[in-house]
Amino acid sequence: MDGMPRLCPECRIPLESLMFRDIELDGCQQCGGIWFEDGELKKVQQSSDQLVLQCLESRVKASSVLVPDNTDNMKLCPNCNERLIPYIYQYTSDIELDECDECFGVWVQDGELAKISEYMDATDDREAHARKEVAAAVDSDIRLNARSDRYRGKSIVALWSIFGRSRTGRPI
């Protein structure tokens with residue numbers, strides 16, 4: 001498809017090039033979707049805070065023109081023209097993205113980057129909370145073990161004294 005314009009999976013109109021940091025993306029000025037080549041979505045997420053993701057999405061504004069009805073609901077890859085397969089982002093979110101099984105590019109519809117940003121913030125909060133709970137449990141366990149060790153140590157000293165020996169095993 002060299003030389004041929006990449007077409008929007010939704011609208012089937014040419015995508016426009018968009019530079020984000022050092023990554024060249026393709027966006028649709030009609031529906032607001034963004035095409036990410038294999039690995040680019042992850043790269044953008046890792047190089048940015050979540051607010052920057054929302055700003056990126058706002059750079060590709062959907063027009064007020066009605067998007068053509070894609071009656072067969074089949075989205076085609078802008079690279080290889082293969083059917084895009086819907087999948088759930090991170091397996092636990094309610095965000096549905098579309099991926100090409102051939103080139104592994106990802107189509108992100110208008111508004112989904114903001115949803116990804118919110119999901120990542122919530123995930124960070126859940127992970128931070130879980131880390132605090134684990135740290136508290138470990139701290140509690142360490143304290144319980146320290147008390148047990150002190151108790152065991154006193155018991156051993158008491159046993160040794162019953163047998164007339166010091167902790168080193170020498171006679172008292």
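Of all heavy-atom pairs between L7 and P14, the closest is CD2-N, 3.7 Å. Here the closest heavy-atom approach between residue D26 and residue S17 is recorded as OD1-CA, 4.0 Å. In this structure, M120 and Y89 approach most closely via the heavy-atom pair SD-OH, 3.5 Å. Nearest heavy-atom pair across W107 and E112 is O-OE1, 4.3 Å. Among all heavy-atom pairs drawn from C103 and D38, the shortest one is O-CB, 3.4 Å. Contact record, C31 with C28: N-SG, 3.4 Å, taken as the closest heavy-atom pair.
Hydrophobic clustering of Ile, Leu, Val, Met, Phe, Trp and Tyr side chains at less than 4.5 Å, counting indirect connections, keeps L15 apart from V108. The same ILVMFWY cluster, assembled from side-chain heavy atoms under 4.5 Å apart, contains both I116 and F20.
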*asked:* One pair to check against side-chain contact (heavy atoms from CB on, under 4.5 Å): F36 and I23. What are the steps and the verdict?
replied: CA-CA 9 Å; F36 291 88; I23 304 167; over 6 Å; no

*Could you go step by step and tell me if L76 and R12 meet the side-chain contact (heavy atoms from CB on, under 4.5 Å) rule?*
CA-CA 9 Å; L76 299 178; R12 306 304 298 158; 3.5 Å; yes

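In this view, E16 and Q29 satisfy the side-chain contact (heavy atoms from CB on, under 4.5 Å) rule, not counting sequence neighbours. Every residue meeting the salt bridge (charged side-chain N to carboxylate O under 4.0 Å, His left out) condition with E37, not counting sequence neighbours, appears here in chain and number order: R6.
Using a 4.5 Å heavy-atom threshold, the side chains of L113 and L41 count as touching. Using a 4.5 Å heavy-atom cutoff, the side chains of P9 and P78 are in contact. When side chains are defined from C-beta on, V106 counts as touching Y87, because their heavy atoms get closer than 4.5 Å.
Contacts classified as side chain to side chain donor-acceptor pair (under 3.5 Å) and involving residues 93-104 (residues at least two apart or in different chains) are given here: K75-D98.
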